[in-house]
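Report on one structure; see the data block that follows.
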2 protein chains.
Amino acid sequence: MPTPDRTAAKEKFMAFLEEKNLRITTQRRAIVDTVFGTDQHFTAEQLLEWARERDESVSRATVYRTLPLLTESGLVHEMDFGKDYKIYDPNYADHPNHNHIICDDCDKIVEFESDKLDELENEISHKLGFSVKSQQLRINASCEEMKKLGECKNKDH
Amino acid sequence: MPTPDRTAAKEKFMAFLEEKNLRITTQRRAIVDTVFGTDQHFTAEQLLEWARERDESVSRATVYRTLPLLTESGLVHEMDFGKDYKIYDPNYADHPNHNHIICDDCDKIVEFESDKLDELENEISHKLGFSVKSQQLRINASCEEMKKLGECKNKDH
DNA sequence: CAGTCAATCGAGACCGAGTCTCATTATCAA
DNA sequence: TTGATAATGAGACTCGGTCTCGATTGACTG
């Protein structure tokens with residue numbers, strides 16, 4: 001796990017807690033340090049494991065209680081790719097309008113931005129009487145590497 | 001539940017079963033009659049309930065075993081909108097390239113087609129080294145009706 | 001620095017969609 | 001009809017996630 005300096009994000013979240021009159025506990029600190037100490041996407045279970053390395057008293061319940069606060073603050077992005085778990089992106093504040101492509105076979109996720117796509121989505125939504133809250137283009141695909149290998153289940157790309 | 005005449009779809013599925021040396025059982029008949037006897041999207045649990053009205057011996061396990069066969073045959077489309085259940089579209093063969101917008105608040109689903117969107121998706125995927133297997137644009141949005149009402153949880157649109 | 005008390009905690013029961021097992025039943029080709 | 005075996009139902013099980021409840025603790029007060 002890399003340890004980028006996302007002090008700004010961490011401080012923003014602490015301010016978010018204070019603003020909502022929520023307490024800064026040792027467990028929340030451990031979770032927040034973990035979240036903003038990585039660049040990687042992660043699942044709730046991964047976060048639990050990593051946070052416990054910093055403070056073994058962190059419980060599953062607290063992780064699941066803290067995750068909604070992190071997404072509500074806008075600093076972490078929650079994604080659902082139709083697998084049976086959700087994926088979280090701790091790097092969201094830096095590039096808030098990105099979409100994702102996921103490889104059905106090896107779970108590789110690639111992020112991209114496209115103004116053209118955003119425009120088209122907004123146009124269609126408006127025409128149909130919706131106002132876009134969030135959009136998620138999910139392209140289930142096979143990545144090139146996989147086509148070469150024939151099979152790439154859980155391979156490290 | 002409307003009862004459209006989707007005899008063609010039903011026969012195609014029976015042919016699909018035969019081709020794979022799978023048996024045509026009374027339970028499968030009940031399930032298939034149910035699926036192709038409606039235009040509506042449905043969940044696995046709804047299908048179980050409806051199929052049991054035709055044949056009370058149909059079990060949950062058989063419904064869950066038959067659904068993958070229906071999607072594999074290409075006659076029914078499985079969708080995942082990030083809720084904790086999947087949604088099935090029995091009308092898929094008639095319009096196979098459509099996308100969906102879902103209202104986060106009232107679960108209303110609207111289908112639409114857009115060649116421009118399909119092209120853009122393919123272009124982006126290719127550029128990033130993926131070959132598209134299936135694509136699903138999921139726009140989580142609020143529908144107009146809801147904005148007017150202020151709140152529309154589970155309202156019938 | 002002690003006192004207060006609601007916010008927060010951990011453990012584990014619980015939930016619900018979906019899967020799996022296994023003994024029994026039913027399909028269908030011969 | 002019969003035999004091989006696909007398919008069945010009941011219910012145990014899995015697993016991500018939620019909820020409950022009694023114990024703990026952060027943060028403010030004096």
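Excluded from the calculations below are hydrogen atoms, water molecules and symmetry mates; all remaining heavy atoms, backbone and side chain alike, are included.
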To the nearest angstrom, how far is [X] atom [atom1] from [N] atom [atom2]?
| X | N | atom1 | atom2 | value |
| --- | --- | --- | --- | --- |
| A:E56 | C:dG10 | CD | C1' | 13 Å |
| B:Y85 | C:dT19 | OH | P | 17 Å |
| A:D84 | D:dT18 | CG | P | 14 Å |
| A:R28 | D:dT25 | CZ | P | 15 Å |
| B:L17 | D:dT8 | CG | P | 10 Å |
| A:L48 | C:dG12 | CG | C1' | 14 Å |
| A:I31 | C:dT8 | CD1 | P | 12 Å |
| B:R29 | D:dA6 | CZ | P | 19 Å |

Any [X] side-chain nitrogen or oxygen under 4.0 Å from OP1 or OP2 of [N]:
| X | N | answer |
| --- | --- | --- |
| B:R23 | D:dT5 | no |
| A:Q27 | C:dG10 | yes |
| B:T25 | D:dT8 | yes |

Of the non-hydrogen atoms in [X] and [Y], which two are nearest, and what is the gap between them?
| X | Y | result |
| --- | --- | --- |
| B:A9 | B:L75 | O-CD1, 3.5 Å |
| B:G82 | B:D80 | N-OD1, 2.8 Å |
| B:P90 | B:V35 | CB-O, 3.3 Å |
| A:R23 | A:L17 | O-CD1, 4.2 Å |

Among C:dA11, D:dA10, D:dA6, find the nucleotide with the atom closest to the side chain of A:R52.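 Selected nucleotide (nearest to the side chain): C:dA11.
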Look up atom CZ in B:R65 and atom CZ in B:R28, then write down how far apart they are to the nearest 0.5 Å.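 One finds 9.0 Å between CZ of B:R65 and CZ of B:R28.
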Earlier contact from the 5' end, DNA chain C, for A:S59 and B:T43: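 Result of the comparison: A:S59.
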Can you sort out which residues in residues 60-71 of chain B have a heavy atom within less than 4.0 Å of DNA chain D? Ascending by number, please.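 Result for residues 60-71 of chain B: B:A61, B:T62, B:R65, sorted by number.
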Under a 4.0 Å threshold between the charged nitrogen and the carboxylate oxygen, would B:R6 count as salt-bridged to B:D39?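 A salt bridge is present here (some side-chain N lies under 4.0 Å from a carboxylate O).
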Within the supplied structure, the quantity of interest is the number of heavy atoms (other residues, nucleotides, ligands) at a distance under 6.0 Å from B:E18 CD; does it exceed 12?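 Open.
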